[in-house]
Amino acid sequence: MPLDLNYAPGAADEADDDFIDDDDLPGPSSRGKKGGASGGKGGGKGKDPGRHAWEAEYKKSWDIVQEDEKGSLESAVESLLARGRRKRALMADTPLRRSIIRHMFIILDLSDSMMDKDYRPTRFEVILGYLRTYVVEWFDQNPLGQIGIIIMRDRLSEVLVPMGGNPQEILSVLSDKRKLEPSGEPSLQNGLMMAKGGMSHLPTTSSLETLIIFSSISTADPDGPVTIHNVLQEMVDSKIRTNILSLSGEIKICKQISERTNGKFGVALDQDHLKDLMWDTIPPPATTIAPPITVGVRNALAGAGAGQRGGAVGKAPAGDLMVMGFPIQLPLGGETLCACHGLLKKGGYLCPRCGSKLCDVPTDCEVCGLMVVSSPHLARSFWFLFPVANYRVLAIEDVMDSINGNGDTCFGCDVEFPDVSTIEEGVAQVEDGVSPTGRYRCAKCRNDFCADCDLYIHDTLHTCPGCSQ
Amino acid sequence: MKFMLGDLPVLFPYDRLYPEQYSYMADLKTTLDAGGHCVLEMPSGTGKTVSLLSLIVSYMQFYPTKRKLIYCSRTVPEIEKALAELKRLMEYRAEMGANDGEFRGLGLTSRRNLCLHPEVSKEKKGKIVDSRCRDLTSAFACEKGRANPGSVPLCSYHEELNNYEAGNLIPPGIYTIDDVKKYGKEKGVCPYFTIRRMLPFLDVVIYSFHYLLDPKVAEQVSAEMSKESIVVFDEAHNIDNVCIESLSIDLTRPMLDSAARSVNKISDKIAEIKETDSQKLEDEYKKLVEGLQEANEAREDEDMMVSPVLSKDMLDEAVPGNIRKAEHFIAFLKRFIEYLKTRMRVLHVVAETPQSFLAHLKEITYIEKRPLKFAAERLTSLVRTLELTNIDEHYSLQKVASFGTLVATYEKGFLLILEPYETEHATVPNPIFHFTCLDPSLAIAPVFERFSSVVITSGTISPLDMYPKILQFRPVTEQSYPMTLTRNAFLPMVITRGSDQVPISSRFEVRNDPAVVRNFGSILIDMAKTVPDGVVAFFPSYLYMESIVSAWYDMGILSEVWKHKLLFVETPDAMETSIALRNYREACNNGRGAVMLSVARGKVSEGIDFDHNYGRAVIMFGIPYQYTESRILKARLEFLRDNHRIRENDYLTFDAMRHAAQCVGRVLRGKTDWGLMVFADKRFARTDKRAKLPKWINAYITEAHSNLSTDVAISLAKKFIRQISQPFDHTQTGISLWTLEDIERRQLQDKEDAEKAEEELKASTGKNYRNGTINGNGEGEGDVDVDYVMDDYEGEMDDDELARLDIPDDL
Amino acid sequence: MAPPPPAPDLSSYPKTTPPSVLLVIIDIHPLSWSLLASPPPLPSVPDQPAIDKAHASPMTLPDFVTILMVFLNAHLASRWGNEVVVYGASAGRAKLLYPPPSNAVAGPSKPRPNTYLPFQLLDSRIEQGLKEMAAEEQDRLANGDVNSLNQPPAMVSALTKALCFINRINPHTSASAALVDPTAAPDPSAPSSTGPDRPETRILVINATPGENVSTSSSSLDPSQTNGEVDGNVQKASGGQMRGGYVGLMNCVFAAQKAKVPIDVLSLPPPSIDASPPIFLQQAAHLTEGIYWQWNGRGGLLQYLHALYLPPPSLRHHPFAVPPQDAVGFRAVCFCHHKTLDVGFVCSVCLSIFCEPRPVCLMCKTRFPIKSIPTLKSLASYIEPIPVPDTVPPPPIPKNSKSQNNENNKKDRNKSVVNGNSGGGRGEPIEID
């Protein structure tokens with residue numbers, strides 16, 4: 001049906017076809033199509049004006065949907081470079097204080113509306129897929145974080161995956177769809193209450209968050225003394241940041257919740273936009289919450305911070321030095337006893353101080369209590385500390401004078417830059433950070449990069465090839 | 001902000017203003033300068049009230065001639081809103097150092113809302129409050145009470161007033177209704193009478209239409225208003241109906257009976273007074289000989305006891321002899337009532353002119369026209385003489401009396417209609433005797449004559465040229481302002497057929513056709529599925545709503561809707577409806593979402609705002625035509641056709657569309673607001689219908705959106721909702737919000753702009769009135785575009801529409 | 001040469017492997033190669049007299065290049081569509097050797113009749129490129145900035161270039177690509193973007209430089225220059241120093257992970273020269289599921305290359321076997337002195353690592369409670385590294401490498417400590433203003 005198709009202009013022609021199929025009009029349909037193609041003004045000609053005109057009319061409205069749909073997409077594509085750069089401009093002055101230890105409940109709406117076909121194949125499929133990649137990505141960037149998943153359906157909510165730091169576990173649960181059949185309506189209130197319950201034991205010193213992916217347009221809450229507003233208040237009190245992504249539009253209560261808990265509220269235009277919105281929640285939120293003053297990750301995770309609750313609320317409390325050991329990972333050789341479970345296991349990690357074997361990091365050494373973290377985990381967050389300075393957009397004249405200085409290939413991927421003389425007529429639109437010469441120059445190492453590398457280096461790589469030699 | 005409009009410095013209480021507000025004020029000013037009337041349409045939620053007030057107040061304060069602002073609004077909340085705005089404005093002016101020293105602004109409303117008296121204020125019904133208040137405050141009660149205290153209960157609050165010098169009962173300033181009550185409480189004075197007595201001294205008066213239009217009230221409330229006063233009718237899209245109601249009277253069987261009873265009571269009273277002191281009656285008799293004028297002093301407090309006719313029609317001559325004596329008058333009344341009763345026994349519809357009625361009356365009962373004219377006056381004076389308490393018992397008697405007076409006074413533009421049955425299907429006779437006014441201009445004429453400039457404005461008052469015609473006045477300015485938005489905050493869509501391509505319509509023939517009903521249902525379901533939070537649906541009438549809702553119930557459509565949203569229904573009972581509304585609001589707030597099913601001419605469609613999440617979409621099921629079988633309507637149409645040359649279909653469409661506009665206007669109450677507007681009827685696709693929608697709505701109905709089927713409409717809606725929900729900063733400075741600079745920039749080429757706009761407007765309105773009429777006569781050769789696409793049977797549809805409109809000759 | 005034989009069970013992996021692009025990074029640091037060319041005699045291994053007789057085989061750059069050529073040709077030949085990209089990493093600089101930029105004069109002077117032309121192109125071009133770089137080194141020596149030669153090979157730079165290249169040839173592997181075309185709805189079921197047609201890419205790092213800190217210490221950038229960069233505050237400048245090294249390498253690793261590009265590492269320096277393996281390259285290989293292998297200095301390099309590095313990632317594990325990976329030390333480098341640490345002190349706010357307790361974080365300026373410092377010191381004091389127990393199962397080839405490995409590891413530990421303490425000299429600590 002048209003309403004499914006109109007998000008991807010690519011699907012336009014196919015749209016025509018099964019639109020025609022839908023209302024079986026073998027004869028006039030083709031004519032109608034012609035009429036539609038020829039601007040839809042075919043109303044007058046043709047012997048049965050009613051039907052024909054109707055066709056034309058229908059087409060016309062449909063075409064219009066197409067057009068502005070495409071229009072919006074184009075504009076989106078155009079603004080992409082600029083957007084990337086703007087995002088980076090923000091990134092450049094991100095506060096260094098970021099809550100490293102995060103706990104997040106992903107509250108997933110599994111109501112009937114998830115079977116809506118406006119995403120291909122269904123919202124359900126798409127979101128499940130996104131979630132898998134999302135979880136991996138999330139743990140990449142928040143190695144010390146934990147994620148739990150709560151689902152809402154049939155006006156109930158259940159904890160699908162308890163709070164935990166192991167992506168594999170989550171992925172395995174997400175992978176079998178049979179347990180996740182959408183049905184009934186969601187109850188936001190129950191979902192939030194469950195999330196709150198699940199985090200009640202955690203210290204406010206670590207950042208508590210929920211990410212609600214809300215597909216339906218309403219929440220069916222239990223009636224009774226407790227209303228969703230009370231729950232909201234509790235969320236605010238216990239400082240649980242709530243990000244809500246709605247698939248279908250602005251819903252008052254959702255907006256209210258996310259605003260009150262100073263989270264984000266987003267509405268997805270289409271599934272790619274949804275992905276962007278989800279991915280925006282991955283980097284650690286910049287906050288000034290106090291990290292737990294403790295030697296132990298597990299303590300940190302398991303609410304030893306109770307003592308600091310008071311201090312945590314204060315602004316920018318001093319951090320602390322944590323002693324961390326970087327273990328040696330054993331190859332999957334013979335089985336040996338692990339110190340944590342006392343079981344025979346292959347592989348594992350060795351505490352660098354006492355040499356006892358641990359099953360998984362990050363954790364505390366059972367024997368000497370040292371916090372054992374594999375260094376890459378820490379290294380994940382280093383790019384916050386050493387952001388790559390934005391590259392300067394080179395206008396034509398800059399290139400003209402400095403052309404001899406730098407090679408005419410991108411220092412990153414060694415692709416050749418367009419010849420400056422040829423791009424003279426290419427209108428110089430230096431605005432919104434798109435270079436007419438396709439060159440972007442690193443301020444420090446004075447090397448030139450192509451647009452792709454510019455994006456890649458700043459978004460993904462976080463290391464300037466030039467500066468690193 | 002402060003800016004110059006021509007030579008006039010305007011103080012505007014916000015530091016930004018919308019372009020439309022600017023041009024609105026500009027046009028207002030030209031009107032005032034020209035000293036004429038105007039019709040202005042400005043979208044709801046664009047700060048109409050504040051721009052009105054700030055300009056007019058600046059105007060009043062700037063020019064030496066002491067002018068007064070009479071601001072009429074419709075409901076108490078609106079009055080409150082206006083007062084609050086005014087207060088804010090004056091505070092701002094004070095900050096800006098404008099010295100309006102003795103500036104007073106008050107709002108007048110009924111006793112029920114103002115009374116402080118311990119017992120009386122407990123009463124719920126307005127009439128009872130009035131009468132009880134009257135017992136405590138009427139002239140004779142007072143003098144008795146003061147003569148020997150304790151003999152008659154008096155209202156302390158009212159008494160307290162006498163300790164204040166007239167004209168300074170309350171210190172200068174702006175008082176909202178609550179403020180006045182608070183003031184009254186602490187000073188122990190009666191708020192109602194404070195306001196009443198202050199009226200002549202106020203600079204700004206804010207009250208409801210009736211105080212100006214309804215002769216029964218207007219006479220003593222608004223008599224003293226000076227000629228230069230500036231009169232503003234806000235939310236005036238229904239003003240013609242108000243006028244008509246103010247001059248129409250309905251009589252029912254029960255009323256007549258109670259009238260008869262009270263006549264007997266009075267006669268007993270007379271008898272006993274004869275015993276006690278017949279002197280009083282004598283005095284009255286003498287008075288009546290001199291004439292009525294003296295009888296009319298100390299009017300103030302008998303506000304429900306005055307002549308129902310307009311002041312100019314009141315005659316100042318001696319009361320005819322045959323009703324001077326009390327007992328004669330009583331007998332006279334008895335005869336009249338009996339006569340009416342006999343008329344009521346007739347079991348077929350009768351419609352006759354006042355003349356024929358009087359003729360018939362004369363030959364049956366020998367009641368002359370002239371004495372009948374005085375019925376109301378005479379009753380008044382009688383009641384005063386007898387010092388009757390709790391008037392409300394005699395309410396229906398007064399009705400009868402004023403009925404008589406009206407019949408005897410007016411001949412042209414009125415019609416008597418007797419309807420034996422409520423509905424055509426009803427079998428139990430429940431006769432109603434309508435004395436209906438057909439000509440709204442009658443009631444409002446004095447206003448236009450008296451006051452130099454009258455402003456008629458509303459959010460939806462299109463087509464502008466209609467109002468001058470039916471109200472018989474010459475506006476200096478007619479202007480409709482578009483809504484400048486940086487994004488399309490609302491999406492109007494015309495759904496002409498269901499997903500199964502069956503055309504949908506609330507036309508009489510097809511409205512109960514199951515296919516149509518189902519399609520209406522599917523629209524509701526899909527909307528409930530698609531639109532978050534609140535959805536409002538309007539039906540043409542209660543009858544239709546009931547039938548269709550029950551049909552939906554059988555089809556299981558309601559249960560389908562129930563899955564997504566709660567359902568609430570408006571009922572004629574105000575109490576139930578308000579409860580329903582409260583729950584509806586709650587459902588919208590806690591995310592459950594709800595649907596409000598209501599009626600196009602009901603309370604909901606007039607008074608209630610569905611802003612933001614309370615109304616994300618409004619669905620107009622069918623075109624809200626009036627019930628065309630009604631005799632009264634037919635009579636009015638005939639009258640309009642004969643006297644103002646307005647075609648029936650034209651008027652009906654106009655009336656329907658203004659109500660439709662009212663309904664859909666409910667969802668959009670400001671620039672930050674957004675909502676869907678769904679017109680679900682294939683007739684909406686026709687230009688003659690759409691042309692009658694307000695400009696600011698019609699402008700956004702593109703060809704593409706003017707002829708949709710349900711599924712396409714839903715897909716559009718989905719897209720729209722998602723896009724509108726994207727984060728967006730509402731500080732649209734420069735585009736749709738002006739700073740001082742923007743204004744000054746505009747100032748330069750302002751004049752010729754204004755003139756040009758004037759020209760264009762004249763031209764355009766002229767034009768679309770013309771093709772309006774052309775469409776009117778059904779077979780639309782006149783208009784080419786859409787209607788040709790909407791194929792031929794559109795034409796005949798209109799024909800039979802007309803056929804039903806034709807007034808039978810046997811009247 | 002025929003494409004790799006089909007697997008026993010067809011379901012387990014694709015019938016036809018995608019073409020693969022091999023990006024080779026050769027470490028051509030002069031000093032390293034001079035070391036390799038004249039290795040010290042191997043330490044005698046008492047329990048295996050047989051090996052004792054074998055002597056370390058010296059390896060010169062030309063020899064190695066010829067070997068590499070054969071390997072690369074084999075790769076080219078092994079499947080239609082395979083490609084080769086070669087980077088040279090010399091002291092403090094990295095350069096693309098092959099393919100040549102299109103505008104450069106391509107091809108050898110005269111095509112040899114009995115050579116497959118692509119092979120000839122490849123060989124001649126790489127040779128030429130190497131010569132050029134060598135020449136540049138010569139110039140630098142001639143210009144007399146000797147200490148530029150002391151810089152370690154610019155592995156990170158080479159890696160970043162390689163990754164950029166990969167990002168260009170199939171942008172879908174990068175996150176930014178998701179932005180670049182929103183219309184292409186990425187099928188969520190298979191986020192790994194290795195379609196049947198899209199070439200799979202991998203990076204082979206050939207390390208010749210001994211010492212664990214192959215890439216980590218680019219600390220000899222002079223501070224003035226670093227101060228010259230972004231709003232020259234010391235904090236950022238220190239970042240500038242780190243960027244080339246440990247952090248840079250790690251960033252590369254994560255980018256490679258994201259792009260699902262394995263980083264294979266072949267470390268040439270035999271145990272006799274290099275007691276400590278390049279642990280960060282080892283980490284890189286481990287994290288990206290690449291193959292890490294250290295040559296034992298006893299020849300057979302070509303066989304190693306073919307046996308270990310020829311099969312594309314999709315065919316590894318089975319049917320082909322990968323050598324058992326050694327224990328990986330997940331050690332880190334401190335921000336203050338660029339020491340390699342077993343146990344470090346981590347700022348709980350920004351997670352920067354220090355080798356000793358300090359009152360204020362260098363990076364985020366967070367103040368740490370003074371009182372806790374002594375306790376931390378004490379904690380730090382009784383940390384002495386423990387030897388890795390012998391858990392490595394005997395690798396299939398060659399029989400004797402096992403004993404080698406663990407004694408490597410032992411030595412490596414001791415070395416590391418020494419190295420760590422003495423390391424202070426190399427990177428002077430950053431003073432905070």
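FYI, side chains are in, hydrogens and waters are out, and symmetry mates aren't considered; it's all heavy atoms of this structure.
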Inset, instruction - Under 4.5 Å heavy-atom distance to chain B, tell me which part of Ile251(A) shows up: side chain, backbone, both or neither. - result: both
Legend entry - Close side-chain approach of Asp116(A) and Lys718(B), heavy atoms under 4.5 Å: yes
Inset, instruction - Return the set of residues passing side-chain hydrogen bond (donor to acceptor under 3.5 Å, both in side chains) with Arg153(A) (not counting sequence neighbours), or none when no residue passes. - result: none
Legend entry - Validation row: Glu185(A), His564(B) side chains within 4.5 angstrom (heavy atoms): no
Legend entry - Test item: Gln723(B) and Leu269(A) side chains (from C-beta on) under 4.5 Å apart, heavy atoms: yes
Legend entry - Gap separating the CZ atom of Arg592(B) from the CG atom of Asp221(A), nearest 0.5 angstrom: 8.5 Å
Legend entry - Closest contact, heavy atoms only, Ser725(B) versus Val267(A): CB-CG2, 3.5 Å
Inset, instruction - Could you tell me whether the side chain of Arg722(B) and the main chain of Leu247(A) form a donor-acceptor pair under 3.5 Å? - result: yes
Legend entry - Under 3.5 Å donor-acceptor, Ser218(A) side chain and Gly593(B) backbone: no
Legend entry - CA sep, side-chain torsions, deciding dist, call: Asn589(B), Lys252(A), side chain to side chain contact (heavy atoms under 4.5 Å, CB included): CA-CA 7 Å; Asn589(B) 276 333; Lys252(A) 175 76 183 309; 3.6 Å; yes
Inset, instruction - Please name the pair of heavy atoms, one in Asn590(B) and one in Ile253(A), separated by the smallest distance, quoted to 0.1 Å. - result: C-CB, 4.2 Å
Inset, instruction - Please round to the nearest 0.5 Å and tell me the distance separating atom CD1 of Ile217(A) and atom CG of Asp533(B). - result: 8.0 Å
Legend entry - Contacting moiety of Thr227(A), where chain B heavy atoms sit under 4.5 Å: neither
Indicate every side-chain donor-acceptor pair of residues 518-532 of chain B with a distance under 3.5 Å to a residue at least two apart or in another chain.
from: Asn519(B); atom 1: ND2; to: Asp500(B); atom 2: OD1; distance (Å): 3.1
from: Ser522(B); atom 1: OG; to: Asn519(B); atom 2: O; distance (Å): 2.7
from: Thr530(B); atom 1: OG1; to: Asp526(B); atom 2: O; distance (Å): 2.5

Inset, instruction - Drop me the distance from Lys255(A)'s NZ to His612(B)'s NE2, to the nearest 0.5 angstrom. - result: 8.5 Å
